[in-house]
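Here's the structure we're looking at; comments come further down.
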Amino acid sequence: MEKIVSLCKRRGFIFQSSEIYGGLNGVWDYGPLGVELKNNLKQYWWKVMVHDRDDVVGLDGAILTHPAVLKASGHVDTFTDPMVDCRTCKARLRADQLAEKNGVRQCPNCGGKDLTEARPFNLMFQTQMGASADPASIAYLRPETAQSIFVQFKNVLDVSRKKLPFGIAQIGKAFRNEINPRNFTFRSREFEQMELEYFCRPEQGMDLLAYWLKERIRFYEEIGISRKRLHVLDVPEKERAFYSKGTFDIEYEFPFGRQELEGVAYRTDYDLQQHIKASGKPLDYFDEETKERFVPHVVEPSAGVDRTVLALICDAYDEDSAPDEKGKMETRIVMRFHPRVAPIKCAIFPLLRNKEALVAKAREVQALLRPHMNVFYDEGGAIGRRYRRQDEIGTPFGVTIDFETLGEKGEELRDTVTLRDRDSMKQERVAIKDLPQLISSKIR
Ligand code: ATP
């Protein structure tokens with residue numbers, strides 16, 4: 001994990017937020033490569049979950065949330081962790097994370113035994129709307145994206161003219177005042193979710209739960225996460241939310257242990273019913289064929305963007321060996337990202353920076369590829385070093401413009417380049433005009 005955290009900083013995937021002021025605990029900034037990786041992940045999720053389907057539409061709800069919404073959903077009253085204070089060192093601790101010695105609870109910080117009883121601590125961030133400070137002006141930063149989907153259910157149903165089963169998808173920020181942010185970005189206080197609420201008839205719920213579990217596992221495989229590090233936990237009834245008839249956690253084997261990436265839950269009609277009760281508005285569905293009116297049930301695959309980015313990084317990290325400039329074998333760090341999510345798809349290298357014709361041709365190749373993918377131009381240093389820098393950030397393809405390209409080693413090689421594969425390190429000679437098609441077909 002240490003190697004991964006240090007690579008993330010060194011190469012610009014993830015930085016600690018407000019680092020120059022000592023850092024803001026549990027909050028992270030994504031650097032130039034991190035934002036590309038994250039965007040690629042979100043775009044692929046949106047493609048698979050929305051664009052490729054007839055039965056899902058999107059929503060982008062607000063982060064600031066009316067307290068009544070979160071009162072109805074149960075978050076105001078029950079979205080809590082039990083907390084204990086250590087009277088000796090004043091640390092505030094999660095009750096389930098206390099140390100225990102000979103059956104006596106201890107503070108894991110100072111070893112003190114003078115601890116308070118456990119009290120519920122609400123994980124939501126509160127803020128104040130407008131200038132007045134009265135309690136009526138409280139708003140919350142949403143703790144999940146799902147609630148705006150439920151609250152907008154009727155509006156979306158009316159405008160999209162969808163019939164059950166159909167879903168509403170959303171990607172966006174969520175905020176939780178986690179007591180113990182830890183394991184790098186895994187448990188953060190500000191994070192992003194990718195959520196689908198898939199509405200259905202009550203009798204379809206259990207089948208759709210199984211269906212979405214399968215779909216979601218396939219998604220992780222399609223972005224390059226190895227199946228053997230993915231696990232499915234069938235959450236036992238006593239650990240599920242009381243309204244859920246079935247929940248699966250999709251877990252990933254992180255270097256710090258097996259942890260949840262996504263929850264796939266059959267939530268019955270709980271959320272819509274709660275909002276019907278609290279708002280007095282009809283959030284029901286009229287089935288034209290059967291002439292029935294009822295409140296739809298919902299299956300929810302809810303994934304974390306940041307946790308998936310972290311899993312992508314952990315899964316991609318590899319070390320092998322490659323020859324250096326003098327042919328001596330050295331350790332190579334290589335991020336084996338699936339080309340679909342890799343931050344940069346293709347790097348373009350003129351063999352020498354001081355040969356104008358090579359540089360001009362390389363710039364031409366860059367302009368040719370740029371409309372199709374994110375490319376990176378690099379003319380600095382020995383070619384082997386340039387390859388290594390790209391391997392370390394997971395760029396799947398490298399194109400080198402050399403004297404053959406200029407036609408100086410025979411007319412038949414004019415306007416051809418070497419295309420290098422990151423994983424096999426093999427190089428093949430291909431015509432420049434074939435590059436866009438050849439690479440595009442591998443990064444979609
Ligand atoms: P955990 O038990 O790990 O706190 P959870 O079961 O509370 O997670 P959900 O409420 O089901 O999580 O949220 C859905 C998804 O949102 C999670 O699977 C995870 O990917 C993501 N998520 C939740 N909390 C955090 C967090 N603090 N930091 C990063 N991602 C999070």
Side-chain angles (χ1 to χ4, degrees), residues 14 16-17 24-30 34 38 41-42 45 49 63 70 73-75 78-83 94-97 121-125 140-150 169-198 209 212-213 216-217 219-220 223 225 230-236 238-244 246-254 256-267 270-271 298-314:
I14 300 169
Q16 194 182 16
S17 187
L24 189 58
N25 196 8
V27 185
W28 301 92
D29 294 335
Y30 288 78
K38 202 179 184 198
L41 167 66
K42 291 192 282 183
W45 187 92
M49 302 293 271
I63 287 170
L70 295 161
S73 67
H75 285 89
T78 60
F79 195 58
T80 56
D81 272 344
M83 301 296 302
R94 252 171 71 165
D96 59 351
Q97 284 167 358
F121 174 84
N122 197 295
L123 298 181
M124 286 198 295
F125 282 98
Y140 292 101
L141 305 191
R142 63 181 174 192
E144 59 177 30
T145 65
Q147 291 309 319
S148 56
I149 298 182
F150 296 124
Q170 175 164 210
I171 300 178
K173 291 268 188 181
F175 303 82
R176 295 181 189 178
N177 195 1
E178 300 280 359
I179 310 313
N180 243 332
R182 72 207 129 107
N183 291 330
F184 199 21
T185 56
F186 179 84
R187 187 173 299 286
S188 312
R189 290 182 167 139
E190 171 172 345
F191 55 97
E192 245 175 313
Q193 292 183 314
M194 307 183 280
E195 294 194 299
L196 170 70
E197 303 303 326
Y198 196 74
L209 176 66
W212 278 111
L213 175 64
R216 297 302 306 146
I217 299 263
F219 173 85
Y220 290 107
I223 56 172
I225 292 191
L230 286 172
H231 302 275
V232 175
L233 174 74
D234 186 351
V235 181
K238 62 179 190 317
E239 287 169 32
R240 294 198 297 258
F242 68 89
Y243 47 78
S244 172
T247 300
F248 293 106
D249 285 350
I250 302 176
E251 301 178 324
Y252 177 76
E253 261 173 55
F254 286 97
F256 45 82
R258 194 185 280 193
Q259 298 279 355
E260 175 182 329
L261 279 185
E262 166 161 357
V264 186
Y266 173 25
R267 300 175 63 97
Y270 174 77
D271 304 271
V298 75
V299 174
E300 174 197 76
S302 169
V305 174
D306 310 76
R307 286 186 186 180
T308 308
V309 165
L310 188 58
L312 284 170
I313 291 173
C314 294

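Just so you know, ligand 1 is whichever comes first in the structure, and atom 1 is the first atom listed for that ligand. Note that the coordinates shown come from a computational prediction; the quantities given were computed from them, not determined experimentally.
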Got the closest protein heavy atom to [atom], with its distance?
atom                    : value
atom 2 (O) of ligand 1  : Glu260 OE1, 4.2 Å
atom 21 (C) of ligand 1 : Gly304 CA, 3.8 Å
atom 10 (O) of ligand 1 : Arg176 NH2, 3.0 Å
atom 14 (C) of ligand 1 : Ser302 OG, 3.0 Å
atom 28 (N) of ligand 1 : Ser188 N, 3.0 Å
atom 16 (O) of ligand 1 : Gln193 NE2, 3.2 Å
atom 8 (O) of ligand 1  : Arg307 NH1, 3.9 Å

- Which part of Glu262 is near ligand 1, with near meaning a heavy atom under 4.0 Å away: side chain, backbone, both or neither? backbone
- Query: Does Leu261 approach ligand 1 within less than 4.0 angstrom via side chain, backbone, both or neither, non-hydrogen atoms only?
  - Reply: backbone
[X] to ligand 1: N or O pair under 3.5 Å?
X      : answer
Phe191 : no
Asp306 : no
Phe186 : yes

- Item | Any donor-acceptor pair under 3.5 Å from Glu192 side chain to Val305 backbone | no
- Query: Any donor and acceptor pair, going by atom type alone, linking the side chain of Ser188 with main-chain N or O of Thr185 inside 3.5 Å?
  - Reply: yes
- Item | Face-on cation placement of Arg216 at Tyr220 ring, 6.0 Å and 45° thresholds | yes
- Item | Side-chain donor-acceptor pair present, Tyr243, Asp271, cut-off under 3.5 Å | no
- Between Arg187, Glu251, Arg182, Glu144, which one has a non-hydrogen atom sitting closest to atom 4 (O) of ligand 1? Arg187
- Which heavy-atom pair separates Ile149 from Ala169 by the least distance, and what is that distance? CD1-C, 4.4 Å
- Sequence neighbours excluded, the answer for salt bridge (Lys or Arg N to Asp or Glu O under 4.0 Å) partners of Asp81 is Arg94
- Query: So Phe256 and Phe184, ring pair (Phe, Tyr, Trp, His ring centres under 6.0 Å) or not? Walk me through it.
  - Reply: CA-CA 10 Å; Phe256 45 82; Phe184 199 21; 9.2 Å; no
- Describe, in one word, how the ring planes of Phe254 and Tyr252 are oriented to each other, choosing from parallel (under 30°), tilted (30 to 60°) and perpendicular (over 60°). perpendicular
- Message: Which residues pass the side chain to side chain donor-acceptor pair (under 3.5 Å) test with Ser73, not counting sequence neighbours?
- Response: His75
